[in-house]
2 protein chains.
Amino acid sequence: MGTVGKALDLLDLFTKAQPQHGLSHLARSSGLNKATCHRLLTELESRGLLEQTGPAREYRLGPAVLRLSALREAAVPTREAAMPILRRLAEATGETAHLSHIVAGRLQTLAFAYASRQGVRVMMEDADFLPFHATASGAAVLAHLADAEPLIAAAPNADTLRARIVEARAKGYAETLSTFEKDVNSFAVPLFDATGTCTGALAVAAAAPRMTPDLHATITTALIAAGAEITALWGGQPPIRTGAPT
Amino acid sequence: MGTVGKALDLLDLFTKAQPQHGLSHLARSSGLNKATCHRLLTELESRGLLEQTGPAREYRLGPAVLRLSALREAAVPTREAAMPILRRLAEATGETAHLSHIVAGRLQTLAFAYASRQGVRVMMEDADFLPFHATASGAAVLAHLADAEPLIAAAPNADTLRARIVEARAKGYAETLSTFEKDVNSFAVPLFDATGTCTGALAVAAAAPRMTPDLHATITTALIAAGAEITALWGGQPPIRTGAPT
DNA sequence: AACCGATGGTTCAAATATTGAACCGATTTA
DNA sequence: TAAATCGGTTCAATATTTGAACCATCGGTT
């Protein structure tokens, strides 16, 4: 792996839960030598991707990332464009909707929306990574990804995951019951870009105790419609169904 | 300069005006060898900071930057927190307000807001860089920056810039008349972080033909108030006036 | 006050990754 | 058809990165 790869890996250590890190801590959790780590950090800092805070000299993400994301959204309005649809989906179903994107082989949460009417909500964190093997979004994506096999095989629950994926292909949406989080039923559809490759997922996470056959139907139909809308908005097209009857 | 610095410099080539670049073009405008450039690009791409588009194989900013910026805003809500104040400032003055931030020795536009009532607006691009020597924001910042001298000396108009800075220190705001853009009068105040260092500027850009003594007064008072508000919001404090009478 | 174990940061020879001219095949232009 | 792009690759020469050991400093214990 090249030097810049190591530097960029350091950025992955910054999360919602841990937005600040000291030098030694970063060196430990990245496996890099302290001196190496320090050099990479200062190099990232000099470009504004990181900054050092007050007297503790901890590192956190810097203001340069704001420019990059503004440019990305201006060039490819992935997030902002999808937000209204996401909000509508949350309202229509009365549950939490969220959008995720495949980034460097991982599933990254991009955005989410709550239904205003519910007191009990399934809470989400954006800017975090979702495990492929334990989420409906993961299954929806794996069902339509080109080389999903290695990812599936690597999962701790490869068998049930495989079953979930087969089901997702058949029904058009993936479903998990209290898998990633207890008492949360999740439903997800894949999203596609202009080349027909699956690049993300749209999901609804519902509180399990509320679930009824009616709500199930409401969610799945609204979800499929919203998914098609976002895919269209991204200039995308669902892939041609292979093996369909003539 | 280290390798990661070169890689990060590549990111600077992506702008609002030029959001996509081919390999050869990037190599040329960065001065890097094509092979080197290609390696750096693929490394950036592997982490999702860049992505390659369709058949032309051009590079553009990737979805990973969205995660970084979401985390940054969650940890340090620079932009979102200031937006309401920025909008209020635009409405109160009837002109265009904008917010910029010092990033790696440059002045980066963070956000802007237009007044709804005006047909003629001073237009802004966010996610771009402002020249220190030709903008009110630049002068406001230089007036309160620790080691501003080298930047001032490097300016093509060091003398008039120096005068503008002295005036900014005295009045509490900086002013430029048709400097950066023709027929635009700009006003700016510095913003400070918790350590008392100047980290950005808040500005109002007004259409020169509209300018009257009344409007001038409206703008400067609203600007100073809004600046103090944002500084306070950022947990900042204006520096202690040195050399003030006892 | 001396000691301990942290912290952030620096040094420099040894090891390793980076570099760049030349090359390739594929398009596009003349 | 030929010349000139384009994106991408190769490999020996080279310059950069690496990491153990080293400071100085801090905060808590004994």
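Chain letters run A, B, ... following the sequence lines, proteins first, then strands; residues in each count from 1.
Atom NZ in Lys6(A) sits roughly 7 Å away from atom P in dA17(C) (whole-Å rounding). Separating the CG atom of Leu23(B) from the P atom of dA26(C) is a distance of 18 Å, rounded to the nearest angstrom. Separating the CG atom of Leu26(A) from the P atom of dT7(C) is a distance of 12 Å, rounded to the nearest angstrom. Following rounding to the nearest Å, Leu40(A) (CG) and dT10(C) (C1') show an atom-to-atom distance of 15 Å. Per the geometry, CD belonging to Gln52(A) stands 9 Å off P belonging to dG8(C), to the nearest Å. For the pair His21(A) NE2 and dG8(C) P, the computed distance is 12 Å after rounding to whole Å. As a whole-Å value, the separation of Leu41(B) CG from dT18(C) C1' is 15 Å.
Relative to the side chain of Asn33(A), the nucleotides dG19(D), dG8(D), dG9(C) differ in distance, and dG19(D) lies closest. Closest contact between the side chain of Thr36(A) and the listed nucleotides dG8(C), dT18(D), dG8(D) involves dT18(D). Among the nucleotides dA17(C), dT19(C), dG8(C), the one closest to the side chain of Thr3(A) is dA17(C). Between dC6(D), dT10(C), dT7(C), one nucleotide has an atom nearer to the side chain of Ala35(A) than all others, and that is dT10(C).
Within 4.0 Å of Glu43(B), counting heavy atoms only, lies no atom of the nucleic acid at all. Nucleic acid contact for Glu58(A): none, since no nucleic acid atom lies under 4.0 Å from a heavy atom of the residue.
A salt bridge is absent between Arg47(B) and Asp12(A): the closest approach of a Lys/Arg side-chain nitrogen to an acidic carboxylate oxygen does not fall below 4.0 angstrom. Between Arg60(A) and Glu51(A) there is a salt bridge, since at least one side-chain N of the basic residue sits less than 4.0 Å from a carboxylate O of the acidic one.
Judged by atom type and distance alone, Lys34(A) reaches the base of dG9(C) through a side-chain donor-acceptor pair under 3.5 Å.
Under 4.0 angstrom from either OP1 or OP2 of dA6(C) there lies no side-chain N or O belonging to Arg28(A). Distances shown here put every side-chain N or O of Arg57(B) at or beyond 4.0 Å from the OP1 or OP2 atom of dC6(D). Residue Tyr59(A) places no side-chain N or O under 4.0 Å from the OP1 or OP2 atom of dT7(C).
Under the 3.5 Å distance criterion, the side-chain polar atoms of Thr109(A) are left unmatched by any main-chain donor or acceptor of Ala127(A). No side-chain donor-acceptor contact under 3.5 Å links Thr36(A) to the backbone of Leu32(A). A donor-acceptor distance shorter than 3.5 angstrom exists from the side chain of Arg164(A) to the backbone of His133(A), with no hydrogens or angles considered.
Mapped onto DNA chain C by nearest heavy atom, His38(A) and Arg39(B) fall at different nucleotides, with His38(A) at the one closer to the 5' end.
Under the Watson-Crick or G-U wobble criterion, with both distances below 3.5 Å, dT30(D) is paired with dA1(C).
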